[in-house]
Amino acid sequence: FMCGRGSLNKVEKDLEKRFNATFYSDDLERYNPLPTFNLAPTQWHPVITQHDPQYFQYFKWGLIPSWSKDHKIGSKLINARVEGLIEKPFFKSALKDRRCIIPLDGFYEWKVVANKIKKPYRIRFKDDSIFFVAGLYDQWKNEKAEIIHSFTIITQKPNPYLSSIHDRMPAILQREQESLWLDPLISLEQSLQLITPLAGDYLDAYPVSDAVNQVKNNNASLIEKLDESDSQSLF
């Protein structure tokens, strides 16, 4: 699947400056997971929703629909393919009423190399800036009547630059599209038109340590570029 890991090597003030929104203080006290170098499904991460665009909120990665019988479905709904959003009633209603944007400064993908070995790459903007990907969200109530907010990342076919690494990429929005994606007045067709593969000119992909394979690893060394000699010896 794709996109299954990410990074956000920034803190709350960086996000508030990048997008004109602030954090709820109780969210910060409860989760406060930033910065993260190895964001993985089921973890909590900041999002901005179309219903509350003035605030960052912490949602769980892995969409748990409101009608779901249990939370386990979330681990299967970490991504939503843009090609199928209109065909599935749940995704269609989320596309209409529950859009969100998710801040990242990189994501990881695994390229299949010789002997079917998978080699991790980190993809980021060349200027290492924060970017937002398009997502959908929902809220679900557990048996204790606690409400869990969760999200999924929309994916699309890759641009030519990334196609040699993987056959999918997250739906990265350009700056002028971020507020549009959150606009409750745009139509389904208009929202889908915002999802186009970002030009490769903006992006930089480089090999990283296979330590990123383990979710428990979460430190700055994960985002460092492997030099070719390290890469050769490891793979």
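Remember, it's a predicted structure, so these values are computed and weren't measured experimentally.
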Looking only at atom types and distance, does a side-chain atom of [X] sit under 3.5 Å from a main-chain N or O of [Y], one as donor and one as acceptor?
{"X": "His45", "Y": "Pro33", "value": "no"}
{"X": "Tyr161", "Y": "Ala205", "value": "yes"}
{"X": "Asn38", "Y": "Gln214", "value": "yes"}
{"X": "Arg99", "Y": "Asp183", "value": "yes"}
{"X": "Thr152", "Y": "Leu63", "value": "no"}
{"X": "Trp181", "Y": "Leu173", "value": "no"}
{"X": "Trp61", "Y": "Ile78", "value": "yes"}
{"X": "Tyr206", "Y": "Ile223", "value": "yes"}
{"X": "Asn218", "Y": "Thr36", "value": "no"}

Any residue meeting salt bridge (Lys or Arg N to Asp or Glu O under 4.0 Å) with Asp204, in chain and number order, not counting sequence neighbours: Arg124

Are Ile123 and Ile130 connected into the same hydrophobic cluster when the rule is that any two of I, L, V, M, F, W, Y join if their side-chain heavy atoms are below 4.5 Å apart? no

Shortest non-hydrogen separation from Gln193 to Thr196 and the atoms involved: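 Smallest heavy-atom distance, with atoms named: O-CG2, 3.8 Å.
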
Of all the heavy-atom pairs spanning Val212 and Arg5, show the shortest one and how long it is.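 Where Val212 meets Arg5 most closely, the heavy atoms are O-NH1, 2.6 Å.
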
Between Asn9 and Ser7, is there a side-chain donor-acceptor contact under 3.5 Å, judged purely by atom types and distance?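 On atom types as modelled, these side chains do not qualify, holding no pair under 3.5 Å.
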
Could you tell me whether the side chains of Tyr24 and Asp52 share a donor-acceptor contact shorter than 3.5 Å?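 Yes, because at least one side-chain N or O of Tyr24 sits under 3.5 Å from a partner of the opposite role on Asp52.
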
Between Phe125 and Phe131, does the ring centre distance come in under 6.0 Å?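 They qualify: ring centres under 6.0 Å apart.
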
In terms of relative ring orientation, are Phe19 and Phe56 parallel, tilted or perpendicular, with 30° and 60° separating the classes? perpendicular

Could you tell me the separation between the NZ atom of Lys92 and the CG atom of Leu85, rounded to the nearest 0.5 Å?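 If I round to the nearest 0.5 Å, the distance is 11.5 Å.
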
Pick out which of Val47, Asp26, Asp27 makes a side-chain contact (heavy atoms from CB on, under 4.5 Å) with Tyr58. Asp27

N-O pairing of Glu83 and Arg168 below 4.0 Å: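 A salt bridge links Glu83 with Arg168.
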
